[in-house]
Amino acid sequence: MKNRLLRDMILILVGSFIFATGVNAFIISANLGEGGVTGVSLILLYAFDISPAWSTFILNAVLIALGYKFLSKRSTIYTIIAVIAISVFLGLTGSWVVETHEILINTIFGGFMVGLGIGLIVLSGGTTAGTTILARIAHKYLDVNTSYALLFFDLIVVMFSLTVMPLEKALLTVISLYVGTKVMDFVIEGLNPKKAVTIISQNPDQIAKMIDEQIGRGCTILNGRGYYSKKDTDVLYVVIAKTQLSRTKRMIKKFDENAFVVVHDVRDVLGNGFLVDE
């Protein structure tokens, strides 16, 4: 638990720093917009010169107060930490500017860094509050992909950005949001790969014990029946991390060289010990 907590805190802090850097160095320096609460903060910046560090914190605090009941206790705590970290880093990196002669560079790299930052925070089990909370609610109750739900809500904010920026900049903001969505989607799913393994063996109890004790994953034993042999047999089913697959296969072979093993790709895993969209 301590190792997991440390990993989550590192993900939140690194993700918050990358997010804030992307906003200040690439987005604001090119006078582009953004989605969600950050996008509203940029509208306030361009219209009234209000610091995003403060406006982002205040707006997110309000949304957390309104939407905390839709998040788990752990996710709420992580979100509060992320919101504070993002606000602090937005203030610390406020003077960071990347000047380029091509605004498309700011568009792409800004979207990349924002998406990467949000992805790392979500990977830890937290959110960046704002429309991310709405996206998590949509995913939980409507089974909508978190990244694309976030894009939908962000586009609504971009429409309001037209009050403080020309259409060209707003359209470039849409490109930035799309890049960020694809990057975030890859981080959330691509960096959390899982494999499902189905095992038919003459030594199911030994293999199940090995997976439980040495791999650290529980097995489900299903009742099966061979069509040709007409014999009842136990079928083991387990979901493991991709990095544990090679070791698992070696240990299965150690107990039963004739074991029949099928490995499946897994897109999402919900449950104890895995990333959960709570």
Side-chain angles (χ1 to χ4, degrees), residues 2-42 44-45 50-61 63-64 71 74-100 105-133 135-136 146-147 150-151 154 157 173 176-177 179-192 275:
K2 291 183 178 179
N3 290 336
R4 181 178 179 182
L5 179 61
L6 177 61
R7 186 211 67 164
D8 290 344
M9 290 301 103
I10 292 175
L11 287 175
I12 290 174
L13 293 178
V14 172
S16 299
F17 177 76
I18 293 175
F19 176 90
T21 302
V23 170
N24 281 321
F26 292 99
I27 302 297
I28 294 179
S29 63
N31 292 316
L32 295 172
E34 183 51 54
V37 164
T38 305
V40 176
S41 297
L42 294 186
L44 296 176
L45 171 66
I50 299 176
S51 171
W54 285 106
S55 57
T56 297
F57 177 78
I58 293 172
L59 291 172
N60 277 327
L63 286 172
I64 291 175
L71 302 172
R74 169 172 164 266
S75 188
T76 301
I77 293 174
Y78 282 8
T79 297
I80 293 173
I81 295 173
V83 167
I84 294 174
I86 287 174
S87 299
V88 170
F89 286 133
L90 280 172
L92 294 176
T93 63
S95 60
W96 292 17
V97 176
V98 175
E99 296 182 358
T100 65
I105 295 177
N106 290 67
T107 300
I108 294 174
F109 280 90
F112 176 85
M113 294 188 70
V114 168
L116 178 59
I118 296 177
L120 291 176
I121 293 172
V122 174
L123 192 63
S124 73
T127 74
T128 54
T131 52
T132 306
I133 291 180
R136 293 285 290 273
T146 302
S147 301
L150 183 60
L151 177 61
D154 286 347
V157 176
T173 297
S176 177
L177 289 174
V179 172
T181 298
K182 301 303 290 186
V183 172
M184 180 173 60
D185 199 40
F186 171 77
V187 171
I188 295 173
E189 296 183 2
L191 296 184
N192 187 45
L275 175 67

Beyond-backbone contact of Ile27 with Ser176, side-chain heavy atoms, under 4.5 angstrom: yes
Please identify which of these residues, Leu120, Leu116, Ile118, meets the side-chain contact (heavy atoms from CB on, under 4.5 Å) condition with Phe19. Ile118
Spacing of OG belonging to Ser51 relative to CG belonging to Leu90, to within rounding of 0.5 Å: 7.5 Å
Would you mind telling me which of Asp8, Leu5, Val14, Leu13 makes a side-chain contact (heavy atoms from CB on, under 4.5 Å) with Ser124? Asp8
Minimum-distance pair of heavy atoms, taken over all atoms of Tyr78 and Gly125: CD2-C, 4.0 Å
Does Val23 reach the side chain of Pro52, with side-chain heavy atoms less than 4.5 Å apart? no
At what distance, to the nearest 0.5 angstrom, does CG of Leu123 lie from CZ of Arg7? 6.0 Å
Within a 6.0 Å radius of atom CZ on Phe57, are there more than 12 heavy atoms belonging to other residues, nucleotides or ligands? no
Test side-chain contact (heavy atoms from CB on, under 4.5 Å) applied to Val83 and Val88, Ile64, Ile121, Leu59, the passing residue: Ile64
At what distance, to the nearest 0.5 angstrom, does OG1 of Thr21 lie from CH2 of Trp96? 5.0 Å
Heavy-atom pair of closest approach, residues Thr173 and Glu34: CG2-N, 3.7 Å
Counting C-beta onward and ignoring hydrogens, is there a side-chain heavy-atom pair between Thr93 and Phe17 closer than 4.5 Å? yes
Taking the side chain as everything from C-beta on, heavy atoms only, tell me whether Val40 gets closer than 4.5 Å to Ser55. no
Donor-acceptor pair, distance only, cut-off 3.5 Å: does the side chain of Thr56 make one with the backbone of Ala53? no
Mind checking the CG-OG1 spacing from Asn60 to Thr38? Nearest 0.5 Å is all I need. 7.0 Å
If you count heavy atoms of other groups shown closer than 6.0 angstrom to CZ of Phe112, is the number above 12? no
If you round to the nearest 0.5 Å, how far is CD of Glu99 from CG of Asn106? 9.5 Å
Rounded distance (nearest 0.5 Å) linking atom OG1 of Thr181 with atom CG of Asp185: 8.0 Å
